[in-house]
Amino acid sequence: MKLARGVLAAGSLAAKCKSEIFYDQATHKFSRSSNRAGGLEGGITNGEDVVVRGYLKPISTLRRALKTANMITKEPVQAAYERSDWCVVPAGAVAAEAMVALVLADAFLQKFGGDSMTEMRRNFEGYARQIHDF
């Protein structure tokens, strides 16, 4: 089984998990040598692409029923076999993408929100100018 980078990083030396920071005078931007943090550091975006890796647990339906107990009689019985989707990844990916979009939209609204789209755009553009001029 191939381990995810985050799992491998947890057992690594700190120097293997960090990305050096550089400043480009021409573009007025800070950048990193890599995106090992996945775009987030300490719960704050760092300007790099936000990378989300999701995992799904195995589906709960088994072809060979497990033992269970009847809730009324409390006697042991075999669980019933019910058909289920054999590949939940496509649906899971859609749900995960939607949730990431909602969380990012909520964070955006907390930072730049206002009483109108015009006000929110003004707040965002002012922030972008401030970052550019830093």
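The figures that follow rest on heavy atoms only: side chains count, while hydrogens, waters and symmetry mates do not.
Distance alone, capped at 3.5 Å, places no donor-acceptor pair between the Thr68 side chain and the Ala79 backbone. A donor-acceptor distance shorter than 3.5 angstrom exists from the side chain of Asn123 to the backbone of Gly113, with no hydrogens or angles considered.
Counting heavy-atom neighbours within 6.0 Å of Gln78 CD, excluding the residue itself, gives a total above 12. By the neighbour-count criterion of 12 heavy atoms within 6.0 Å, atom CG of Asp24 is densely surrounded, having more than that number from other residues, nucleotides or ligands. The environment of Phe134 atom CZ is sparse: at most 12 non-hydrogen atoms of other residues, nucleotides or ligands sit within 6.0 angstrom.
Glu48 CD to Ser31 OG: the interatomic distance, rounded to the nearest 0.5 Å, is 6.5 Å. The structure places CG of Asn35 at 9.0 Å from CG of Leu40, a figure rounded to the nearest 0.5 Å. One distance of note links NE2 of His132 with OH of Tyr127; it measures 14.0 Å at 0.5 Å rounding. Rounding to the nearest 0.5 Å places CD of Glu75 at 8.0 Å from CG of Asn70.
Classified by interplanar angle (parallel below 30°, tilted 30° to 60°, perpendicular above 60°), the ring pair Phe108/Phe124 is tilted.
Cluster membership for Met117 and Leu109, using ILVMFWY side-chain heavy atoms within less than 4.5 angstrom, is shared. Cluster annotation: Tyr23 and Ile21 are assigned to the same hydrophobic cluster (Ile/Leu/Val/Met/Phe/Trp/Tyr, side-chain heavy-atom contacts under 4.5 Å, transitive).
Counting only residues at least two apart or on different chains, the side chain to side chain donor-acceptor pair (under 3.5 Å) pairs with a member in residues 97-107 are Asp106-Gln110. Counting only residues at least two apart or in different chains, ring-ring contact (aromatic ring centres under 6.0 Å, His included) contacts with residues 33-52 are absent.
For the side chain to side chain contact (heavy atoms under 4.5 Å, CB included) test with Phe112, the passing option among Arg122, Glu125, Met120 is Met120; the others fail.
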